[in-house]
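What follows is one structure encoded as structure tokens, with my remarks underneath.
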Amino acid sequence: MTNSRLFGCGKFKWLSIERFDRSLTPKEDGFYRKHREVCFTCMRYEQQGLNAMNMLNSAALEPEISENFDERVLRNLRVSRRPVSLAYWSPAFAGAAVAVLALVAALQLLSRTPVQMNQADRGAYNYQRDAQVIAPNLPNLEIPRVQ
């Protein structure tokens, strides 16, 4: 009997939820009643579901719809169909303009060839250039190379 209850619990829980949406077939209702009598856990699950549904039903607000509701909705639909002005689309146009400018700037940066740096700008030490900057009037002395 324990195995049948264990495997029937899933079906019972499914049927306990289905009861709120539709009426159960006689076969389903028979299973539902029998399982509830033998399984305390499922009986408690059913009670929790009933409590939750009662709480939801008590908290539900019923809308108060006036008699001319349909007429007002149709009138508002007719009135709200006015042509769309430029002011409505202006934020989209501004955003598109900013995107186009950013795209043009990115293309400008990508189309440039990298600037070739001089040997002196790269950090290499150039004795002749530095000698002319420090003492421009001194003769340029060449250091003989040893061969």
Task: Heavy-atom side-chain contact between Arg19 and Glu46 under 4.5 Å - done: yes

Open item on the list: I need the Arg36 CZ to Cys42 SG distance, nearest 0.5 Å.
Closed with: 11.0 Å

Open item on the list: Measuring only between side-chain heavy atoms, which start at C-beta, is Gln47 closer than 4.5 Å to Asn51?
Closed with: yes

Open item on the list: Atom CZ of residue position Arg33 - does it have more than 12 heavy atoms of other residues, nucleotides or ligands inside 6.0 Å?
Closed with: no

- [ ] Would you kindly confirm whether Phe20 and Leu56 end up in one hydrophobic cluster when ILVMFWY residues are joined by side chain heavy atoms under 4.5 Å apart?
- [x] yes

Open item on the list: Starting from Val98, can I reach Val104 by hopping between I/L/V/M/F/W/Y residues whose side chains sit under 4.5 Å apart?
Closed with: no

Task: Connected via hydrophobic side-chain network under 4.5 Å: Leu110 and Leu103 - done: no

- [ ] Using the rule that two of Ile, Leu, Val, Met, Phe, Trp, Tyr join whenever any of their side-chain heavy atoms come within less than 4.5 Å, decide whether Leu107 and Val100 are in one cluster.
- [x] no

Open item on the list: Just to verify, what does Arg72 make a side-chain contact (heavy atoms from CB on, under 4.5 Å) with, not counting sequence neighbours?
Closed with: Ser66, Asn68, Phe69, Arg75

Open item on the list: How about CH2 on Trp89, more than 12 heavy atoms from neighbouring residues, nucleotides or ligands closer than 6.0 Å, or not?
Closed with: no

Task: Over all atoms of both residues, closest heavy-atom pair of Tyr45 and Ser16 - done: CE2-OG, 3.3 Å

- [ ] With sequence neighbours left out, write down each residue that passes side-chain contact (heavy atoms from CB on, under 4.5 Å) with Thr25, or none if nothing qualifies.
- [x] Lys27, Glu28

TODO: With rounding to the nearest 0.5 Å, note down the distance linking NZ in Lys13 to SG in Cys9.
DONE: 6.5 Å

TODO: Using the test ring-ring contact (aromatic ring centres under 6.0 Å, His included), find all partners of Tyr32 that sit at least two apart in sequence or belong to another chain.
DONE: Phe12

Open item on the list: Other residues, nucleotides and ligands only: do more than 12 of their heavy atoms fall within 6.0 Å of OH on Tyr88?
Closed with: no

TODO: Of all the heavy-atom pairs spanning Leu24 and Asp29, show the shortest one and how long it is.
DONE: CB-N, 4.2 Å

